[in-house]
Amino acid sequence: MLFRSERTDGFYIQVGAFNNEMNARRLQNNIASLGNKLIKVRQARVNGQLVYRVQIGPLHDVDTADNIVAQLDGFGISDHRIVVRQDTD
């Protein structure tokens, strides 16, 4: 959890992780109205398996994140997590 006084180089709201890239892209397209440039599909290896993570960001303040989370509810997405990354590519 981030507190309002904490500073970060950027953080992301992760809204999904899939074994299938098409499923990740489908979610990315479904929530594109949140800001196409903010929504990214990132590949990662987890326990030797390729996973496609759908993340929104980088974000730099809690108020913006809170606003996005409220909008996610409108898409039926209530399960998400905050991911802090060092790189903001």
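Side-chain atoms are counted along with the backbone in the values below, which use heavy atoms only and exclude waters and symmetry mates. Fair warning: this is a prediction, and the values are worked out from it, not measured in the lab. We count residues from 1, following the sequence as given.
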The reported gap from CD1 in Ile56 to CG in Leu72 (rounded to nearest 0.5 angstrom) is 4.5 Å

- Asp73, CG atom: more than 12 neighbouring heavy atoms under 6.0 Å: yes

Per side-chain hydrogen bond (donor to acceptor under 3.5 Å, both in side chains), Tyr12 is matched among Gln55, Lys40, Arg53, Arg42 by Arg42

Is it true that the side chains of Asn29 and Arg26 contain a donor and an acceptor less than 3.5 Å apart?
no

Ile39 and Ile31 have their tightest heavy-atom pair at CD1-O, 3.0 Å

Rounded to the nearest 0.5 Å, the CD1 atom of Ile68 sits from the CD1 atom of Ile77 at a distance of 12.0 Å

Rounded to the nearest 0.5 angstrom, the CD1-CD1 distance for Ile82 and Ile13 is 4.5 Å

Side-chain heavy-atom pair Val41, Phe18 within 4.5 angstrom cut-off = no

Looking only at heavy atoms, the pair that brings Ala17 and Val51 closest together is CB-CG1, 3.8 Å

Output for pair (Gln28 CD, Leu38 CG), nearest 0.5 Å, gives 11.5 Å

Closest heavy-atom pair, Pro58 versus Gly10, reported as atoms and distance to 0.1 Å, is CB-CA, 4.2 Å

Value for CG (Asn30) from CZ (Phe75), rounded to nearest 0.5 Å, stands at 8.0 Å

